[in-house]
Amino acid sequence: NPVLEESIFNGCSALTHIKLPEGLTVIPQEAFSRCYSLTNVNIPSTVSIIRRWAFDRSKIEKDFEASSENCLYIDNWLISVKEVQIDVLDIKEGTVGIAEYAPHFPRDRGKIGPVHLPASIKYLNNYSLNSSAEFNLDLKNVEYIEHRALYCIRSKIIHVPASCRFFGTENIKDNRRLEDIYFHNPETVIDVKDSRFRSSSSVRVHGDKDSTAQELCEKCGELYQLT
């Protein structure tokens with residue numbers, strides 16, 4: 001599969017457009033940063049991760065900042081969200097992914113209100129819902145929830161849908177309000193990033209017997225209980 005290196009086109013000020021190949025899975029950090037003339041780029045259907053600052057200070061982002069829109073979309077990905085008060089963030093139907101740090105700047109917690117995900121969403125990258133004031137998050141048909149995708153959201157309950165193939169446990173560790181998490185697919189890969197991982201508070205883990213949810217409880221000790 002094709003691979004892009006980090007910052008591969010950083011500072012290519014003459015670059016106006018580029019066609020990325022199918023098979024590409026990651027658009028790395030600062031890949032198109034400071035591409036001051038870049039106005040057209042595609043996101044292949046095989047991409048599942050877009051890292052922070054991928055289009056930082058490109059003409060695409062500069063034009064977005066000057067526009068009246070609050071959200072920057074490239075093809076079917078949400079790339080950036082403006083630092084403005086957004087009472088309800090309705091992500092448009094057809095969106096398949098939210099890039100890492102879509103709100104990629106320091107912001108007051110709760111500046112983004114409840115987030116409504118479309119049925120088309122598949123990929124939530126790190127910090128993609130950073131500190132949103134979301135109490136009843138509906139993860140729809142998401143397939144990939146990176147480790148800090150749900151960083152400091154306000155939900156007490158998270159339902160990880162049957163469609164989910166990967167879930168990073170930092171989403172538990174970083175959410176102090178979380179009380180219950182339900183895994184609806186017994187085979188979801190639940191990735192423990194840190195061998196010393198512990199939640200900051202007791203979390204009830206709900207899942208099937210002999211499932212990956214049960215493995216999580218056995219691995220992480222008395223702070224977890226399968227129900």
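In this chain, numbering begins with 1 at the start of the sequence shown.
Cluster membership check: Ile172 does not share its hydrophobic cluster with Tyr182, using side-chain heavy-atom separations under 4.5 Å among Ile, Leu, Val, Met, Phe, Trp and Tyr. Hydrophobic clustering (ILVMFWY, side-chain heavy atoms < 4.5 Å, transitive): Ile18 and Leu24 are in one cluster. Ile157 and Val160 fall into different hydrophobic clusters, defined by Ile, Leu, Val, Met, Phe, Trp and Tyr side-chain heavy atoms under 4.5 Å apart, directly or through other members. A continuous path of Ile, Leu, Val, Met, Phe, Trp and Tyr side chains, each step under 4.5 Å between heavy atoms, connects Leu89 with Val84, placing both in one hydrophobic cluster. Grouping the Ile, Leu, Val, Met, Phe, Trp and Tyr side chains by contacts below 4.5 angstrom, directly or via other members, places Ile8 with Ile50.
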* To do: Determine, step by step, whether Ile153 and Asn175 satisfy the side-chain contact (heavy atoms from CB on, under 4.5 Å) criterion, reporting the C-alpha distance in whole Å, the side-chain angles of both residues, the deciding distance to 0.1 Å, and the verdict.
  => CA-CA 7 Å; Ile153 65 169; Asn175 286 304; 3.8 Å; yes
* Verdict with reasoning, Ile98 to Trp77, per side-chain contact (heavy atoms from CB on, under 4.5 Å) -> CA-CA 6 Å; Ile98 305 178; Trp77 274 78; 5.7 Å; no
* Dump the intermediate steps for side-chain contact (heavy atoms from CB on, under 4.5 Å) on Ile74 and Asn42, then the final yes or no. => CA-CA 7 Å; Ile74 298 179; Asn42 67 302; over 6 Å; no
* To do: Under the side-chain contact (heavy atoms from CB on, under 4.5 Å) rule, what do Thr212 and Phe167 come out as? Steps first, then yes or no, please.
  => CA-CA 11 Å; Thr212 54; Phe167 179 88; over 6 Å; no
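Because its NZ or CZ atom is both nearer than 6.0 Å to the ring centre of Tyr73 and within 45° of the ring axis, Lys92 counts as a cation-pi partner of that residue. In this structure, Lys59 fails the cation-pi test against Phe64, since its NZ or CZ atom is not both closer than 6.0 Å to the six-membered ring centre and inside 45 degrees of the ring normal.
Glu93 and Ser120 are linked by a side-chain donor-acceptor pair at a separation below 3.5 angstrom, with hydrogens and angles left out of the test. Glu187 and Ser211 form no side-chain donor-acceptor contact under 3.5 Å, judged by distance and modelled atom types alone.
When all heavy atoms of Glu170 and Arg148 are compared, the closest pair comes out as OE1-NH2, 3.4 Å. Summarising the geometry of Gly207 relative to Ala213, their closest heavy-atom pair is CA-CB, 4.0 Å, with the distance given to 0.1 Å. Contact record, Phe166 with Glu146: CE2-CA, 4.4 Å, taken as the closest heavy-atom pair. Summarising the geometry of Ala54 relative to Pro28, their closest heavy-atom pair is CB-O, 3.9 Å, with the distance given to 0.1 Å. Closest non-hydrogen pair, Ile121 versus Gly97, comes out as CD1-N, 3.8 Å. Scanning both residues, Val203 and Leu178, for their nearest heavy atoms gives CG2-O, 3.9 Å.
Remark: of the listed residues Asn126, Asp191, Asn171, Asn125, Asp191 is the sole one forming a side chain to side chain donor-acceptor pair (under 3.5 Å) with His147. Checking each of Glu100, Gln29, Glu30, Glu6 against Arg51 for a side chain to side chain donor-acceptor pair (under 3.5 Å) leaves exactly one that passes, namely Glu100.
Atom-to-atom distance recorded for His206:NE2 and Phe183:CZ is 10.5 Å, nearest 0.5 angstrom. Separating the OG atom in Ser155 from the CG atom in Leu137 is a distance of 5.0 Å, to the nearest 0.5 Å. To the nearest 0.5 Å, atom OG of residue Ser58 and atom CG of residue Leu72 are 8.0 Å apart. The distance from atom CG of Leu150 to atom CD1 of Ile158, rounded to the nearest 0.5 Å, is 5.0 Å. Separation of atoms CG (Leu139) and NE2 (His184) is listed at 9.5 Å; rounding is to 0.5 Å. For the atom pair His159 NE2 and Lys140 NZ, the distance stands at 13.5 Å (nearest 0.5 Å).
No donor-acceptor pair closer than 3.5 Å links the side chain of Ser13 to the backbone N or O of Cys35. With hydrogens and angles ignored, the 3.5 Å screen pairs a side-chain donor or acceptor of Asn141 with a backbone N or O of Ala119. Put simply, the side chain of Asn76 never gets that close to the backbone of Thr95: no donor and acceptor are under 3.5 Å apart. A donor-acceptor pair is defined here as one N or O able to donate and one able to accept, closer than 3.5 Å; no such pair exists between the side chain of Thr46 and the backbone of Thr25. Looking only at distances, a side-chain donor or acceptor of Ser67 sits under 3.5 Å from a matching main-chain atom of Glu69. Within the 3.5 Å criterion, the main-chain N or O of Ser163 finds no donor-acceptor partner in the side chain of Asn185.
Using a 4.5 Å cut-off on side-chain heavy atoms (C-beta onward), Ile190 and Glu215 make no contact. Under the 4.5 Å side-chain criterion, counting only non-hydrogen atoms from C-beta, Ile79 is in contact with Phe55. Using a 4.5 Å heavy-atom cutoff, the side chains of Ile43 and Ile27 are in contact. A 4.5 Å side-chain heavy-atom check between Tyr123 and Val47 finds every atom pair outside the cut-off. For the pair Ile91/Cys71, no side-chain contact is recorded, criterion being any heavy-atom separation below 4.5 Å from C-beta on.
Every residue meeting the ring pair (Phe, Tyr, Trp, His ring centres under 6.0 Å) condition with Tyr127, not counting sequence neighbours, appears here in chain and number order: Tyr101, Tyr151.
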